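Structure first, then comments.
Since the structure is predicted, the reported quantities are computational estimates derived from the model, not experimental observations. Just so you know, these numbers use all the heavy atoms, side chains as well, and skip hydrogens, waters and symmetry mates.
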Amino acid sequence: TGEALLREICLALPEELLAFFVLESLNYSLPGDTNDIKNMAIERVKLPAELVKPSSTLPLLKEISLFLKRQKYWREVQQVKERAIKFGREQGCRQVLAVLGSPTVTVIASDIARTLGAELTCLALDPHETTMHLLHFDQRTKEKVMRHFTDFMKLSKSLAVASDGMREEY
């Protein structure tokens with residue numbers, strides 16, 4: 001449903017005003033092979049692997065294992081952020097619409113908007129706390145994402161959410 005909603009938003013705006021930097025995953029993607037959006041500027045990047053499985057079931061070893069595996073994720077996130085900034089500059093981006101369906105977007109969106117000098121707008125599809133739990137984020141990573149989320153919410157000029165519960169929480 002998130003993809004359908006985003007597609008409808010995009011189709012309501014003038015094509016020449018839009019460019020897409022898409023983090024593709026198994027769960028989220030922009031349907032770019034349709035005739036409606038094929039002429040728009042789109043760069044597709046594979047979402048860094050957010051699901052990290054622990055090497056141990058022992059609580060302390062589990063946390064250490066998740067933390068160490070997460071380091072690769074942070075390096076990949078930095079590379080994605082740099083590509084997004086480059087794409088935004090090439091397209092003359094003045095506004096960033098960040099679709100919060102992934103903790104990765106939460107982590108990079110405010111930095112991208114700030115670096116580009118662009119206004120930040122948010123569309124929140126899923127509660128990030130639930131997503132981080134399902135992806136086995138270790139406690140330190142959850143805290144880091146939440147710090148970015150706080151920064152994101154402060155910088156964001158507007159926010160649209162997928163449910164009444166999220167509207168009340170955010």
Side-chain angles (χ1 to χ4, degrees), residues 1-6 20-32 43-88 93 96-116 118-170:
T1 59
E3 291 84 7
L5 175 62
L6 184 57
F20 300 97
F21 186 84
V22 181
L23 288 175
E24 294 191 310
S25 73
L26 296 177
N27 298 322
Y28 295 101
S29 181
L30 182 68
E43 183 168 343
R44 295 172 185 272
V45 177
K46 186 175 183 240
L47 180 71
E50 294 181 310
L51 176 61
V52 176
K53 296 194 179 184
S55 302
S56 174
T57 57
L58 297 172
L60 180 58
L61 291 177
K62 178 180 176 181
E63 283 295 310
I64 292 170
S65 165
L66 290 173
F67 175 76
L68 292 174
K69 289 181 176 186
R70 191 62 64 194
Q71 297 313 302
K72 179 179 182 228
Y73 163 79
W74 290 121
R75 285 189 301 275
E76 292 173 350
V77 165
Q78 181 63 30
Q79 292 169 350
V80 166
K81 181 172 78 171
E82 290 168 6
R83 283 184 67 182
I85 290 168
K86 181 178 183 267
F87 179 76
C93 178
V96 173
L97 170 62
V99 181
L100 295 185
S102 153
T104 301
V105 175
T106 302
V107 169
I108 66 175
S110 55
D111 286 345
I112 292 167
R114 194 176 287 112
T115 301
L116 293 173
E119 187 173 293
L120 180 61
T121 302
C122 172
L123 174 59
L125 299 178
D126 298 313
H128 54 280
E129 299 92 343
T130 303
T131 305
M132 287 189 293
H133 174 73
L134 294 172
L135 294 171
H136 304 288
F137 275 35
D138 61 273
Q139 189 57 39
R140 288 183 67 179
T141 302
K142 288 178 187 177
E143 291 168 3
K144 185 174 184 173
V145 172
M146 292 307 293
R147 283 192 304 272
H148 281 279
F149 181 74
T150 300
D151 183 49
F152 181 94
M153 294 305 281
K154 287 178 184 174
L155 187 62
S156 187
K157 298 293 182 196
S158 59
L159 169 68
V161 294
S163 71
D164 289 335
M166 290 173 70
R167 181 173 38 103
E168 291 172 15
E169 184 177 340
Y170 299 155

Heavy-atom nearest pair, V105 first then L100, reads CG1-CD2, 3.7 Å

Taken to the nearest 0.5 Å, the spacing of I112 CD1 from F87 CZ works out to 11.5 Å

For A113 and L120, the nearest pair of non-hydrogen atoms, with its separation, is CB-CB, 3.9 Å

Output for pair (K81 NZ, D111 CG), nearest 0.5 Å, gives 4.0 Å

Across all chains, not counting sequence neighbours, the side chain to side chain donor-acceptor pair (under 3.5 Å) partners of S156 are none

Sequence neighbours excluded, the answer for side chain to side chain donor-acceptor pair (under 3.5 Å) partners of R140 is none

Across all chains, not counting sequence neighbours, the side chain to side chain donor-acceptor pair (under 3.5 Å) partners of T131 are none

Heavy-atom nearest pair, C93 first then A118, reads O-CB, 4.1 Å

Correct closest heavy-atom pair for Y73 and E50 would be CE1-CG, 3.8 Å

For a side-chain contact (heavy atoms from CB on, under 4.5 Å) check, start with the C-alpha distance between R75 and K72, then their side-chain angles and the critical distance, and finish with the verdict.
CA-CA 5 Å; R75 285 189 301 275; K72 179 179 182 228; 3.6 Å; yes

Interatomic distance, CG@L134 vs CD@E129, rounded to 0.5 Å, equals 11.5 Å

task: Using the side-chain contact (heavy atoms from CB on, under 4.5 Å) rule, take V96 and F21 through it: C-alpha gap first, then chi angles, then the decisive distance, then the call.
output: CA-CA 10 Å; V96 173; F21 186 84; over 6 Å; no

Sorted by chain and residue number, the side chain to side chain donor-acceptor pair (under 3.5 Å) partners of Q79 (sequence neighbours excluded) come out as none

_Between the side chains of K154 and D151, is the shortest nitrogen-to-carboxylate-oxygen separation below 4.0 Å, so that they form an ion pair?_
no

Taking every heavy atom of V77 against every heavy atom of T104, the minimum-distance pair comes out as CG2-CG2, 3.9 Å

Residues at least two apart in sequence or cross-chain that pass salt bridge (Lys or Arg N to Asp or Glu O under 4.0 Å) with K86, listed by chain then number, are E90

Name each donor-acceptor pair under 3.5 Å that joins a side chain in residues 142-150 to protein atoms two or more places apart or in another chain, with its distance.
residue : atom : partner : partner atom : Å
E143    : OE2  : Q139    : NE2          : 3.3
H148    : ND1  : V107    : O            : 3.1
T150    : OG1  : M146    : O            : 3.1

